[in-house]
Amino acid sequence: MWQPASERLQHFQTMIKSKLNVLTLRKEPLPAVIFHEPEAIELCTTTPLMKPRPQAGCKVTYLGKISATGVQFSSGCTEQPVIELWKKHSLARADVFPSNAILEIRPFQVRLHHQDLKGEATVHMDTFQVARIAYCTADHNVSPNIFAWVYREINDDLTFQMDCHAVECESKIEAKKLAHAMMVAFKKTFQSMKSDGRIHKDSSSEETSQGFESDDG
């Protein structure tokens, strides 16, 4: 069938357009993306904060220290120094808070942790070498709650002095426990020093312990 040239051209253009529609991938326009400012988020922990572990040892009130006279220390040698420390502490009690402390007795070393007024944190710590402790006792007439020990303090010029330290415990039983713990610490320290060769093995415990006496009642 004969068609005019104009119709044949139009028919050809229609076929080409239909083929292009099939072969061409038509992509839909992407949706508009709207960015929002992030909202403030409050971060909360799901677990409670860990409380600090309580300090090991016995809670005491440190009465202070005073020079102790003599070389040989035996029963009653701390009575007069403790009386003087007790008087000073009693006079100051009306004006200042008693000092909180934790006394920790272990082999080789005794630690006195001075705490803040709330008794929650250690402000500073005093350490005492067990081998330098000459005497300790919990037997005092002024108060049965007082535990005291005589310590050999070495000065910078290598001279030494004997000081009596005292603490007030919460009860008489606590004071007795400290005296017993000090004796146990000394025995363990002596055994360790002997096994390390710092003490002659032929020395008896009585000969070595004559520089240390304990009266735990």
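Side chains included, hydrogens not; waters and symmetry mates left out as well; all remaining heavy atoms used. Throughout, residue positions are numbered sequentially from 1 according to the sequence presented.
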Relative to the ring of H124, is the ring of H114 parallel (under 30°), tilted (30 to 60°) or perpendicular (over 60°)?
->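 Because their plane-to-plane angle is under 30°, the rings of H114 and H124 count as parallel.
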Check whether [X] reaches the backbone of [Y] with its side chain - one donor and one acceptor, N or O, closer than 3.5 Å.
X: S195; Y: S192; result: yes
X: Y151; Y: Q129; result: yes
X: D157; Y: T159; result: yes

What is the minimum heavy-atom distance between [X] and [Y], and which atoms define it?
X: E168; Y: H89; answer: OE1-NE2, 4.2 Å
X: A131; Y: M193; answer: CB-SD, 4.4 Å
X: C164; Y: L85; answer: O-CD1, 3.8 Å
X: A175; Y: C169; answer: CA-SG, 3.7 Å
X: R106; Y: A185; answer: O-CB, 3.6 Å

With side chains defined as the heavy atoms from C-beta onward, is the minimum distance between [X] and [Y] less than 4.5 Å?
X: I154; Y: R132; answer: yes
X: D163; Y: S67; answer: yes
X: V130; Y: W149; answer: no
X: V184; Y: H180; answer: yes
X: F147; Y: L103; answer: yes
X: E84; Y: K87; answer: no
X: F186; Y: I133; answer: no
X: H165; Y: D126; answer: no

When you look at V60 and L178, which way does the side chain to side chain contact (heavy atoms under 4.5 Å, CB included) test go after all the steps?
-> CA-CA 11 Å; V60 298; L178 289 178; 4.2 Å; yes
Roughly how far, to the nearest 0.5 Å, is the [atom2] atom of [Y] from the [atom1] atom of [X]?
X: E153; Y: F128; atom1: CD; atom2: CZ; value: 8.0 Å
X: T69; Y: Q80; atom1: OG1; atom2: CD; value: 9.5 Å
X: M182; Y: C136; atom1: CE; atom2: SG; value: 5.0 Å
X: M125; Y: E104; atom1: CE; atom2: CD; value: 8.5 Å
X: I66; Y: T78; atom1: CD1; atom2: OG1; value: 12.0 Å
X: E174; Y: K59; atom1: CD; atom2: NZ; value: 12.0 Å

Atom CD1 of I173 with >12 non-hydrogen neighbours under 6.0 angstrom |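 No.
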Whether over 12 other heavy atoms sit under 6.0 Å from F160 CZ =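 No, CZ of F160 has 12 or fewer neighbouring heavy atoms, counting only those of other groups under 6.0 Å.
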Do S143 and N145 meet the criterion of a side-chain donor-acceptor pair at a distance under 3.5 Å?
->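 Absent: no donor and acceptor within the cut-off.
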